Amino acid sequence: KNQVDLILKKIAAAEKSPPIFLYLNVDAIHYPNHFYLEGAKKDSLKSHRAALRYVDGELGRLFAGWKGLRGQTFVICCSDHGTCYGEEGCWSHGINHPAVLTVPYKHFVL
């Protein structure tokens, strides 16, 4: 929320030209993420999903605000790695496992 608030404030104050390049590091889905799930005491696939829902809400707000302030924009969304939450007995992300090595990617124009 704080990152998106600041970005939208900066975009609103920026000149319309030149184009803006923005790199946004979203760490909400990195552990620890249990605090995104009420009552959770440790990270889990459920808390990871809750963190993703939070991020999705903020990215939606960022994209809507950016589009309204800057118009057509090219967006690249990707991750640096996945995380294991017990798949085949594996936990964390510092390992060689398909859940860690599968990296989501999407690009689109707002």
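Owing to the predicted nature of the structure, the values given are computational and were not obtained by experimental measurement. Just so you know, residue 1 is the first one in the sequence shown, and it goes up from there.
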Go through it in stages, so that I can follow the logic: the residues are Val109 and Gln72, the test is side-chain contact (heavy atoms from CB on, under 4.5 Å), and I'd like the CA-CA distance, side-chain angles, deciding distance and then a yes or no. CA-CA 7 Å; Val109 175; Gln72 190 176 36; 3.2 Å; yes
Once rounded to the nearest 0.5 Å, what's the spacing between atom CD1 of Ile76 and atom OH of Tyr23? 12.0 Å
Could you check whether Lys1 pairs with Asp5 (Lys NZ or Arg NE/NH1/NH2 to Asp/Glu carboxylate O, under 4.0 Å)? yes
Give a yes or no on whether the backbone of Lys16 and the side-chain of Arg70 come within a donor-acceptor separation of less than 3.5 Å. yes
pair Val4-Asn2: side-chain heavy atoms closer than 4.5 Å: no
Is there a continuous path of hydrophobic side-chain contacts, each under 4.5 Å between heavy atoms, that joins Leu37 to Trp91? no
Could you tell me whether the side chain of Glu87 and the main chain of Tyr85 form a donor-acceptor pair under 3.5 Å? yes
Apply the test side-chain contact (heavy atoms from CB on, under 4.5 Å) to residues Tyr105 and Cys78: give CA-CA distance (whole Å), side-chain angles for both, the deciding distance (0.1 Å), then the verdict. CA-CA 4 Å; Tyr105 172 88; Cys78 60; 4.0 Å; yes
Do Asn33 side-chain atoms and Asp43 backbone N/O form a donor-acceptor pair below 3.5 Å? no
Which word best sums up how the rings of Phe74 and His107 line up, parallel for under 30°, tilted for 30 to 60°, or perpendicular for over 60°? tilted
If I take atom CG from residue Leu22 and atom CD1 from residue Ile7, how far apart are they, to the nearest 0.5 angstrom? 4.5 Å
Backbone of Asn25 reached by a side-chain donor or acceptor of Gln3 within 3.5 Å: yes
How are the rings of Phe108 and Phe63 set relative to one another: parallel (under 30°), tilted (30 to 60°) or perpendicular (over 60°)? perpendicular
Is it possible for you to check whether Lys10 lies under 6.0 Å from the centre of the six-membered ring of Trp66, through NZ or CZ, and within 45° of that ring's axis? no
Tell me if the NZ atom of Lys41 is crowded by more than 12 foreign heavy atoms within 6.0 Å. no
Determine whether the aromatic ring centres of His97 and His81 lie less than 6.0 Å apart. no
Let me check something: do Leu45 and Leu101 share a hydrophobic cluster, defined by ILVMFWY side-chain heavy atoms less than 4.5 Å apart, either directly or through other members? no
So how far is it from Leu62 CG to Ile11 CD1, rounded to the nearest 0.5 Å? 6.0 Å
Is there a donor-acceptor contact under 3.5 Å from the side chain of Thr102 to the main chain of Ala99? no
Heavy atoms of Ser79 and Val103 approach each other most closely as O-CG1, 2.7 Å
What heavy-atom pair brings Val100 and His93 nearest, and what distance separates the two atoms? CG1-O, 3.2 Å
Not counting sequence neighbours, which residues clear side chain to side chain contact (heavy atoms under 4.5 Å, CB included) with Ser92? List them please. Tyr31
Between Ile95 and Cys90 the two heavy atoms that sit nearest each other are CD1-CB, 3.5 Å
Is there a side-chain contact between Val75 and Lys106 in this structure, where contact means two heavy atoms from C-beta onward sitting under 4.5 Å apart? no
